[in-house]
Amino acid sequence: MYTESVFLRELTQNVTILKGAGPSTIRALANLGIHNVADLLLHLPRDYEDRTQLVPLSRFSEGKVYTAARVIGHDWFGFGRMRTLKIIIADESSEAALLCFNRPFLEQLAPIGSIIQVYGKFQFKYGEIQSSSFEIKRIEGGLIPESELSPVYPLTEKLNQTSVRKLVAIALDKFASHLEDELPAPLREAREFPRKYEAIREIHFPSSWEQVKRAHDALAYEELFYFQLGIALRVRSRRAKKIERRPCPGVLASRLRERLPYSLTSDQDSVLAQILDDMRKPYPMARLMQGDVGSGKTIVALLAALYAVERGGQVAIMAPTELLARQHATIAAHLVEPLGVRLAFVTGAVSNAARPPLLAALQSGNIDIAIGTHALFSEDVVFKNLELVVIDEQQRFGVLQRIALYRKGHIPDLLMMTATPIPRSLALTFFGDLQVSTIEHLPPGRKPVVTHLAREDRRASVYDFVRQRLAEGRQAYFVYPVISGSDKHDLRDAESMANHLAKEVFPEYKIGLLHSRLNDETKMEVMARFASGELSILVATTVVEVGVDVPNATVMVVEHAERFGLSGLHQLRGRIGRGVHQGYCFLVYSKELSEEGRDRLKALYNTADGFAIAEEDLKIRGPGDMLGIEQSGELRLAIADMRKDFELLKLARHDAFGIIERDPALNEPEHAVIAQVLARANPFSEK
Ligand code: ADP
Ligand code: MG
């Protein structure tokens, strides 16, 4: 028996101390990641079996049947090895059939005339109430409802429900009553959550579904609370960094605005205002600008950059690919160089000879805006006075690169941009320390892209359609999932299709090929020829996914569309419909389309709303995969589900930030528990 009170995670005793945990069970538990008592108590049921109420056969449609029935007949159907037993049963309400696939032995266990306990899912089929997924047990007397729900745990080989339930029950008996609360009592009371030991007990053996929810909410809230507290602490420490801001009237920015062939939309204006507001605060900005593809984020970032430059700072603008960095550099050269702003282009491809003078210019402050890839943040790049960092298409950058940035000594203003709208739940967790600005509406005059789903055998008519657009002077993208052919798959690939399209399908037009294996010079050259209109067709892989901007290209054909992620397809589609002409996107799918693949394509067909698509993507892929951070552990929530527990997430965030705001040093006595948890290697902290 345990006498001292402990935090749950501190129950590090080996499970061997539990009666019944023999060597083979221990090994099986280890396979599930269960090494000690804490792991065991945190091995949460994935579901529950409810035998707390009797549900007679006649009420099978209300849920699982739980009843006592008499066996009134045995029947056999099928032949040979397929011969299957059918047990006919009856309770007071109805008759039903149990189909015993692969369970002929039930004939002996449930002889005619015996009374059995039945638990299972029934349906009405072939004129009878029947089940093929049930449990039965012979009983003597009547059936008594159980007082608790039975947990159903995730299992592994050599482990069954009964043994896990038993071990958990022993662990609960021995240890649970000594579990210390890990939430400050006033908070727990205000939110009416049960004590920790109650919650842990209830989540394993609840007496009702309400208790399941109560226990889940308490534990999920606690997890989210500490997660948010970590974020709040990070925000606090950033705000503690004081910067002296020099004034900046915005002369350069006004001059750039005058040079633009359009005026900013009101969304762009208000997002810019929020950014400038941040850039006047005494602590560094950390803001995420989100706006669907084509919403015009680049110009907003450039205007912000001019403010930093005007007051004497340097700006780094980082893009995820050389192609995109080059495009930004071209745009910037066109827009801001005439204003006397000094630009540099920094990528890994900068030649050895050019590098030293470039680095020297950055270090001495002779460059105002450096545009490039992550090479901008390699060891040897030193800025004189880096005041603003802009990261484009930030979802493409690994967490590590984001962190490398912070390591550059003093912390500059940080503006991230993304065209993959961040679902609200992710905005509050993964990006929880960022302020978020959204450009909701595209610039006026854009027509939504018309999307068609085309089965692969309709390809010829797709080609015809493309030909008509080309004849009108438009350009087209053809996108393939792989660069070249292989024995391993029979996918259409960019290389052979470029050849095929050029020779067989569109011999009268010039076609270019773009993929990641080409060297940078070739890539730039191909892009430039496509942008100038010399090439009518660009055959590519997903390298064109981000940022590429050629308004005259109005048609896109994506082959094997079902193989692309939702957000990826949405990004691809964003390459067209950027000019005055109507855009068309053909998603060509194969004849053998899975259910899930079809749902995804349908989602894309049905909506052009990037937010809706991102939510759908999050549902399908989960947050880690969506952000490409599966391994980072940053989002490893054990109990809470950011999406399903969104209301709790908001509550936890509100409470955690509230505490830090009221008492930045966590000095108040009721924060003692927080301090303790933080001190004892807080399991919830973000690394
Ligand atoms: P994204 O947000 O996807 O990065 P871009 O910044 O590349 O979008 O802008 C897409 C296109 O819209 C560019 O050609 C840009 O010049 C144009 N654009 C940006 N703002 C406006 C505006 N207010 N009115 C008209 N066109 C605009
Ligand atoms: Mg962009």
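Every number for a ligand or one of its atoms is a count from 1 in the order of the listing.
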Determine whether any heavy atom of Ser263 lies closer than 4.0 Å to an atom of ligand 1. yes
Working to the nearest 0.5 angstrom, can you tell me the gap between Tyr584 OH and Thr451 OG1? 11.5 Å
Distance filter under 4.0 Å to Gly294 heavy atoms, resulting ligand 1 atoms: 1 (P), 2 (O), 3 (O), 8 (O), 10 (C)
Glu456 and Ser590: side chain donor to acceptor below 3.5 Å: no
I'd like to know if Glu616 pairs up with Lys602 as an ion pair, taking the criterion as any Lys NZ or Arg NE/NH1/NH2 lying under 4.0 Å from an Asp or Glu carboxylate oxygen. no
Is the NZ or CZ atom of Arg469 both under 6.0 Å from the centre of the six-membered ring of Phe465 and within 45° of that ring's axis? yes
Check for me whether Gly291 has a heavy atom closer than 4.0 Å to any atom of ligand 1. no
Do the ring planes of Phe377 and Phe383 sit parallel (below 30°), tilted (30 to 60°) or perpendicular (above 60°)? tilted
Under a 4.0 angstrom heavy-atom cut-off, which atoms of ligand 1 come close to Thr265? 23 (N)
Would Glu258 and Arg255 pass as an ion pair if we require N to O under 4.0 Å? no
Closest to atom 4 (O) of ligand 1 (judged by heavy-atom distance), picking from Asp292, Asp267, Thr298, Ile439: Thr298
Polar contact flag for Leu264 and ligand 1 (N/O pairs, less than 3.5 Å): no
With heavy atoms and a 4.0 Å threshold, my read on which part of Gln268 contacts ligand 1 is side chain
Test of proximity, Pro444 against ligand 1: N or O pairs below 3.5 Å: no
Applying a heavy-atom cut-off of 4.0 Å, say which part of Ser295 lies close to ligand 1: side chain, backbone, both or neither. both
Glu562 and Arg598 ion-paired at < 4.0 Å: no
